[in-house]
Structure formats: structure tokens, C-alpha cells
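Here's the structure we're looking at; comments come further down.
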Amino acid sequence: MKFIFADSLDYVDPAFDFIADRSPAERQPYWDDAYPHEILGYAPYDGVLVSRGIVGDHRVKGKYTASQARRFHLVGVRKFLRLDKPEFAHLDIFGDCGAFTYVQEDRPPYSPAEMVEFYDECGFTHGCSVDHIIFDFDPAGKALEGGSDSAKTRFDITLENADAFLREARAIDARFTPLGVVQGWSPGSMAEAARRLVAMGYGYLALGGMVPLKSPEIKLCLEAIRAAVPASTRLHILGFAKADDIDSFHGYDIASFDTTSPLIRAFKDAKQNYYLPGEGLGLRYYTSIRVPQAIENPKLQRGVKKGMFRAEELIRLEALALDSLRAFDRGEADLEDTLHNVLVYSAPLVEEKAYEDCQDSVSLTRLAQRYRTTLTDQPWKQCSCKICRDAAIDVIIFRGSNRNKRRGIHNLAVYQDHIERLDLKRAVD
């Protein structure tokens, strides 16, 4: 089972100064920054996925700048992602259309012929057909029963595009492997879509619309699809948001899945921000220590304008929290004193609503307990990856992109090891 990382320009500045809290003045983002496989020295994934919607163009506003998009088309995906070295030649490069970026449109903005040309000219190894995402879901739906008019229209559009996409790929003898995208409003409709895609000639299917579904619902879809297609048909899950639950999907014969979950959790989860291997084949999670930037944090600045805080006092408390954490890391500060200094500064800004006015002592107690566990275990000292060796305690501090994404890259490395351990267990079983 291959773990494909869905990239969205997730690089960091190798020269970032944690003490001064800044990058070099001459830094040029992208050119001077490092992708996960560069800063770690190896790829913490089996491949990378790039969505057409992320690259963007005049129809869909992507995340790439205009110059980055031009370079992407000019040099190709592998060189743009700096995966053109021999040690990365084995990595797969998946592409999809980025259906979430045009979900409000009546039809996808890209034609099958255009996407075939995009994948082939940019050097993708795998390319997904042009789909139109369906959000309706009825777990009890059989065959093509039910479904809104919109869902049925999108179902037909997705299959029509898949048929044209495969014919276009064969016509130009495309160098990538085509994946037919499955969309549906129920396990039954997805199974019917999969059956039709196989009849068209697809041997590799990608399940779309999985992001909002819970694990049991995804499994219902997989069961129905597996019953409808030959055992030789490979399955890929697009946008697998339940990545930490991957072990429970053993038995569904998933060939690959893409996710950003390990990286995103580093700065978008309220509790589980830092990964370590757990007992058996599990994972352990730690809460990162919030120390927001006093001058740049919007909530703090609004508080200053309203007279809730004094800017000078915020800066003093911020420095005290950071100094305490680093002294603790060196063994020069007491845990309780460090925890106190962190909470005094950061408690008003943690994500739970109860912390907005710092009056909920029960919530603050829960926060303190999570922070105490993080500081007691010192997980960054239990990891030998380059991120943790170089950043030390700064990897666990929730503060700015260069720390937060480093923590996410560390998570990718731990997660890739997790997948490899699961695959080894399956091989033994």
C-alpha cells in the first residue's frame, strides 16, 4: 500500500533562525526553501500528488503564483518538486483535477483532452480522470436508487469524462497510468460507477468524495466496489482524511491513498499535533505548546487596540515563555515554572472557545495536563529525525509556519514508518 503525500507547496526555510524568529533577509521562498524530502534527506512518502486546482490558471485560482505555475508547466512536475534526483526516481507522481476547487460550478472547468495533455507533458506517472464531486451520501443506497438530481448529473458527467479521458490517453499513447475516478451518492452507486469504469478499460480506480465520510462509510463503499470489480483492479483513495485509521482498512486491498493529514494535524488539530510510534503498531500523539507571536497575532493585536492588553507586557510575557521552554529543554528550568509561564501567555489564544476569556478553570486544567504530558515526556528528544535534532524543543512549539510545518514534516516521517510497519505485519500474516 503506497502512501502518497498531497503537496500544496509544503516547504520550509532551512536557514530559519529560531532564536531571532526570522528568515535571512535575502531569502527567496521556493528557491531557498526545502521540501520534506530535501530537509529530511529522504522521501517520507511513496509518492506525491499535485492537484490541477492547486497549480491554478485563469479559470481556477490556485495556490501557485503565476511564475510558479509557468515554471511547473515549463520544467515538469518532477523537476518543480525537486524529485528529479536518482534517489527519488522511484517515487510516483499522481495528479488529479482538484474537484474541491470547482465544486460550485455546473461542470468541471477542464476537458478530458486538456487533462491528458497536462499529465503527459508535465511528466506525471499517474493521472485521474476529470470528476465532479458528489457530497450526497446514503449508506443504505442500493445500485442507482435515490440520489438528488444534482448527484445524478455529476455521476453522469464524471463517467462521460472518464470515457473520453481514457480514449484520449490511448490516442496519444500517454506515458502516465490513467485512473478512472469513482463518484457516487451511495455504496451501490459507487459500485455501479466502478463497474462501468472497468468495462471502459480502467485497471486502476480512484475513489473520490471520501473526505467528509467516516471510516465505516468508506468501508461500505470499498466493500461494494470490491464486489463489483475484478480482484486485479487496483484502488486508490483520494483525500483520505482518516489516515490514522489506515490499519482498520486491512483486507480491502487498497493499492494507494493520498493524504495531507499527518502534516495538517501539526497545526490544525486541537490536541494531536506531534506523532511518535506507539505501542505495537499504533501511534502516540502530543499537544504542541502554543506560544503565539505577540506582534503578529491578530487576536492579541485586537486585544491591544481594545485596551485588554498592553503591547509591552505581551512582548515581555512572550519572551518569558520562550526563554522558559528553552531553559527547560537544557535542564535549567523547573517544569511547573515553565508550564506557568507558558499558560499565562498562551492560554487566552488556544483554539477551544472556553479559553477566550481565560475564565474556565476546568478547561485551563485540561490544557495544563496536556502541556504537562508533552513537557514531561519531551518527545522531541525521543526522535532521531533531522527535524527534531536541529530544531530541538522548537519543533513542539506552535508558532509560525517554519515551526509548524517542520513538525508536520516530522509527522510525515513517523507516519511513513507506521505504514511500512503495517505492511510488514500484513506480509507476515
**Request:** Test V211 against F240 for side chain to side chain contact (heavy atoms under 4.5 Å, CB included), laying out the working first.
**Result:** CA-CA 6 Å; V211 172; F240 189 43; over 6 Å; no
Partners meeting ring pair (Phe, Tyr, Trp, His ring centres under 6.0 Å) with [X] (sequence neighbours left out):
X: F3; value: F257, Y415
X: W380; value: none
X: Y202; value: none

For [Y], is there any backbone N or O sitting under 3.5 Å from a side-chain donor or acceptor partner on [X]?
X: T259; Y: A243; result: no
X: S51; Y: I54; result: no
X: K271; Y: S288; result: no
X: K242; Y: S215; result: no
X: H132; Y: D106; result: yes
X: E217; Y: K214; result: yes
X: D156; Y: L159; result: no
X: S189; Y: G184; result: no
X: D377; Y: P379; result: no
X: D120; Y: R175; result: yes

Side chains of [X] and [Y]: is there a donor and an acceptor less than 3.5 Å apart?
X: Y110; Y: N161; value: no
X: S67; Y: T65; value: yes
X: R421; Y: Q416; value: no
X: H37; Y: Y45; value: yes

Look up atom [atom1] in [X] and atom [atom2] in [Y], then write down how far apart they are to the nearest 0.5 Å.
X: C385; Y: R406; atom1: SG; atom2: CZ; value: 11.0 Å
X: K386; Y: I409; atom1: NZ; atom2: CD1; value: 11.0 Å
X: Y371; Y: I289; atom1: OH; atom2: CD1; value: 5.5 Å
X: T260; Y: D7; atom1: OG1; atom2: CG; value: 10.0 Å

**Asked** Does NZ or CZ of K219 come closer than 6.0 Å to the centre of the six-membered ring of Y252, within 45° of the ring's axis?
**Response**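 Not flagged: K219 not positioned over aromatic ring of Y252.
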**Request:** Check whether NZ of the Lys or CZ of the Arg R290 lies under 6.0 Å from the centre of the six-membered ring of F398 and within 45 degrees of that ring's axis.
**Result:**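 Yes, a cation-pi geometry holds between R290 and F398.
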**Message:** Determine whether Y275 and D244 satisfy the following criterion, side chain to side chain donor-acceptor pair (under 3.5 Å), listing intermediate values before the conclusion.
**Reply:** CA-CA 11 Å; Y275 289 23; D244 289 4; 3.2 Å; yes
**Message:** For a side chain to side chain contact (heavy atoms under 4.5 Å, CB included) check, start with the C-alpha distance between M210 and L238, then their side-chain angles and the critical distance, and finish with the verdict.
**Reply:** CA-CA 7 Å; M210 297 290 105; L238 287 165; over 6 Å; no
**Prompt:** Between Q272 and R370, does a side chain to side chain donor-acceptor pair (under 3.5 Å) hold up when you go through it step by step?
**Reply:** CA-CA 10 Å; Q272 300 176 333; R370 295 204 299 269; over 6 Å; no
Any side-chain heavy atom of [X] within less than 4.5 Å of one from [Y]?
X: P14; Y: F16; value: no
X: D258; Y: F94; value: no
X: L375; Y: R372; value: no
X: K405; Y: Y11; value: no
X: L197; Y: V229; value: no

**Request:** Could you give me the CA-CA distance, side-chain angles and deciding distance for I133 and Q183, then say whether side chain to side chain contact (heavy atoms under 4.5 Å, CB included) is met?
**Result:** CA-CA 7 Å; I133 196 164; Q183 289 285 355; 3.9 Å; yes
For the rings on [X] and [Y], is their centre-to-centre separation under 6.0 Å?
X: H410; Y: Y274; answer: yes
X: Y35; Y: F5; answer: no
X: F155; Y: W185; answer: yes

**Request:** Dump the intermediate steps for side chain to side chain contact (heavy atoms under 4.5 Å, CB included) on R234 and L205, then the final yes or no.
**Result:** CA-CA 6 Å; R234 290 180 290 170; L205 307 182; over 6 Å; no
Nearest non-hydrogen partners of [X] and [Y], listed with the distance:
X: K152; Y: G147; answer: CE-O, 3.6 Å
X: P262; Y: L412; answer: CB-CD2, 4.0 Å
X: G56; Y: A69; answer: O-CB, 4.5 Å
X: D138; Y: P187; answer: O-CD, 3.4 Å
X: A191; Y: A228; answer: O-CB, 3.7 Å
X: T101; Y: G53; answer: OG1-CA, 3.8 Å

Pairing of [X] and [Y] as salt bridge, 4.0 angstrom limit:
X: R52; Y: D96; result: no
X: D394; Y: R399; result: no
X: D21; Y: R403; result: yes
X: D131; Y: R154; result: no
X: D33; Y: R27; result: yes

**Request:** Please list, chain by chain and in numerical order, all residues satisfying salt bridge (Lys or Arg N to Asp or Glu O under 4.0 Å) with D46, sequence neighbours excluded.
**Result:**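 Once residues adjacent in sequence are excluded, D46 has no partner under the salt bridge (Lys or Arg N to Asp or Glu O under 4.0 Å) criterion.
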**Message:** Test of understanding: with salt bridge (Lys or Arg N to Asp or Glu O under 4.0 Å), list the residues that count as partners of E192, not counting sequence neighbours.
**Reply:**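 Here the qualifying residues are R195, R196.
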**Item:** Within residues 71-91 or reaching into it, pairs that qualify as side-chain hydrogen bond (donor to acceptor under 3.5 Å, both in side chains) - sequence neighbours excluded
**Value:**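 Counting only pairs at least two positions apart or across chains, the side-chain hydrogen bond (donor to acceptor under 3.5 Å, both in side chains) contacts touching residues 71-91 are Y30-R71, E38-R82.
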**Request:** Please name the residue in the list L81, D10, V77 that meets the side-chain contact (heavy atoms from CB on, under 4.5 Å) test with V48.
**Result:**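 Checked L81, D10, V77 against V48; only one passes side-chain contact (heavy atoms from CB on, under 4.5 Å): L81.
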**Asked** Can F118 and F124 be said to form a ring-ring contact (aromatic ring centres under 6.0 Å, His included), step by step?
**Response** CA-CA 9 Å; F118 173 74; F124 287 84; 5.4 Å; yes
**Item:** Aromatic plane relationship, Y119 with F176 - under 30° parallel, 30 to 60° tilted, over 60° perpendicular
**Value:**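 Aromatic pair F176/Y119 classed perpendicular.
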**Message:** Is there a side chain to side chain donor-acceptor pair (under 3.5 Å) between N273 and Y286? Walk through the geometry before answering.
**Reply:** CA-CA 6 Å; N273 309 121; Y286 289 92; over 6 Å; no
